[in-house]
Protein chains: 2
Amino acid sequence: MVSKRAYGQYCGFARALELVGERWALMIVRDLLVGPKRFSDLQRGLPGIPTNVLTARLKEMEQTGIVERVAQPRPAGGVAYQLTPGGTDLEAAVHALGRWGAKRLGDPRADERVTVDSLVIALRSTFQPKAAKGKHLSIEMRFGPIVLHAIVKNGTIEAAPGPLPDADVVLQTGPAFRPLLAREMTPREALKNGTAILRGPKNALDQFVELFRI
Amino acid sequence: MVSKRAYGQYCGFARALELVGERWALMIVRDLLVGPKRFSDLQRGLPGIPTNVLTARLKEMEQTGIVERVAQPRPAGGVAYQLTPGGTDLEAAVHALGRWGAKRLGDPRADERVTVDSLVIALRSTFQPKAAKGKHLSIEMRFGPIVLHAIVKNGTIEAAPGPLPDADVVLQTGPAFRPLLAREMTPREALKNGTAILRGPKNALDQFVELFRI
DNA sequence: CTGGATCCCTCACGATACTG
DNA sequence: CAGTATCGTGAGGGATCCAG
């Protein structure tokens, strides 16, 4: 790869594209930013990826020090893939691209799915640290069958898959989620027409929406 | 493209990759971030790009509102390509990827070239606004036959191709440039062994190096 | 000269079947 | 579960040709 599909430029940006610019590579990184995953987890999170391509990308990124294999504890055993520190450094770039793309999402197409990892990254990348100064909020979010949570504290966010039993708020939503973050729909409207359902303080959705922005 | 090579996910990041994730697309954006360019300028700045690929990417990005064609004034005439505001919004992502890749540049390979646009982007993306607070420096940089300049002021940078006649400093350098920004070589060393040649105040290179970091 | 269009060839990718 | 094997397709690489 290094010499095959290189760009022929001694340039940091070109080098980045050579290392993670091939098809599916950054999608794999996106999912691994959420946490270590097994081969089959990645397959599930990236519907449509051919197994040989997944194998090839993992091998390449292992060789270039972006991904590493780690043994999984018993039971289950086997191996999982996780980002190295150098791979984790891609987070800023993934978030920047994610923010840019989120503005251009439009409405979901018929064949488009939503995954839990994409929502975790969406929360992290649209998070507004300045708006979160001094605020504290823990939320469990449900998007159809998908459950994730976020904890906002001291201007930082931790977002991860799964429920959060003692969350301040439980927000159940769906297609209204993007318009809410893009300020194309107000929390009031969303709650009124039932595209967002809230459990917790009445103004929690307003607070939530202030913390994120597309 | 929209349905052919889509990732099948309703996700901002996936959408970004669908729009600018194909080969050469972001390299074109990188060069256009430096300024509008003609077809042949892009060819020169991206040695190795096939003309049909350049044509295809420009058409795709024009259709998706990232690039626009503008008529060029007489003489010369013809058209040039420039980024739309939405395309310019990719700057943050390009810089983030550039910073990540710059750490992994290593030494130049035999077949790797340096272009003026890549250097402009390198200066912009490695610029450290915090270290530049209250500082002011204008510099003309020469890298072999390539000439570019940067003006640092109020914690911001403006970098562009071409000379800067009344620059505070003129720095002529080459392969030592990356090690300097990566703190693998001190200004003193670079000046001593002649891999950096300076015209201007003696400590100018120290000042310069403080403003950028790989 | 700029700004492409067209051709052919190769290989990366996509889809699916199969195996340790 | 975690890949390998196989094969067809189409995007990219490279050269050449054409129009304004």
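Reminder, nothing fancy here: chain letters follow the sequence lines and each chain counts from 1.
Taking the side chain of A/Lys59 as heavy atoms from C-beta on, and the options D/dT4, D/dG13, C/dG4, the nearest nucleotide is D/dT4. Listed nucleotides C/dG3, D/dA2, D/dA11 differ in distance to A/Phe39; the shortest reach to its side chain belongs to D/dA2. Closest to the side chain of A/Val79, out of C/dG4, D/dC1, D/dG3, is D/dG3. Candidate nucleotides D/dT4, C/dG3, D/dG12 were compared by shortest atom distance to the side chain of A/Thr55, and D/dT4 ranks first.
For B/Arg69 and C/dG4, the shortest distance from a side-chain N or O to OP1 or OP2 is below 4.0 Å. Contact annotation: A/Lys37 does not reach the phosphate of D/dC1 (side-chain N/O to OP1 or OP2, under 4.0 Å). The shortest distance between the side-chain N/O atoms of A/Tyr7 and the OP1/OP2 oxygens of D/dG12 is not below 4.0 Å. Between D/dA11 and B/Trp24, no contact under 4.0 Å exists linking OP1 or OP2 to a side-chain N or O.
Under the side-chain hydrogen bond (donor to acceptor under 3.5 Å, both in side chains) rule, B/Asp41 has a single partner from B/Lys37, B/Arg38, B/Arg44, B/Gln43, which is B/Arg44. If you run salt bridge (charged side-chain N to carboxylate O under 4.0 Å, His left out) between B/Glu18 and each of A/Arg104, A/Arg23, A/Arg109, only A/Arg109 comes through. Among A/His149, A/Met141, A/Glu158, the one residue that satisfies the side chain to side chain contact (heavy atoms under 4.5 Å, CB included) test with A/Leu123 is A/Met141.
Atom CG of B/Leu54 sits about 10.5 Å away from atom NZ of B/Lys59, to the nearest 0.5 Å.
A side-chain N or O of A/Glu68 and one of A/Gln82 form a donor-acceptor pair less than 3.5 Å apart.
Atom CG in A/Asp41 sits roughly 7 Å away from atom P in D/dA2 (whole-Å rounding). Rounded to an integer number of Å, the gap from B/Ile49 CD1 to D/dG13 P is 8 Å. Following rounding to the nearest Å, B/Arg44 (CZ) and C/dG3 (P) show an atom-to-atom distance of 9 Å. For B/Met27 and D/dG13, the CE to P distance is 12 Å, given to the nearest whole Å. Atom CG in A/Leu54 sits about 13 Å away from atom C1' in D/dT4, given to the nearest Å. Residue B/Arg23 contributes atom CZ, which lies 10 Å from atom P of C/dA12 at whole-angstrom precision. Between the CG atom of B/Leu58 and the P atom of C/dG4 there is a distance of 8 Å, given to the nearest Å. One interatomic measurement links the two molecules: CZ of B/Arg38 to P of C/dC1, which rounds to 13 Å at whole-angstrom precision.
A donor-acceptor contact under 3.5 angstrom links the side-chain atoms of A/Asn52 to the base of C/dG14. No N or O donor and acceptor, one from the side chain of A/Thr51 and one from the base of D/dA2, sit under 3.5 Å apart.
Nearer the 5' end of DNA chain C, as judged by each residue's closest nucleotide, is the contact made by B/Ala80, out of A/Val53 and B/Ala80.
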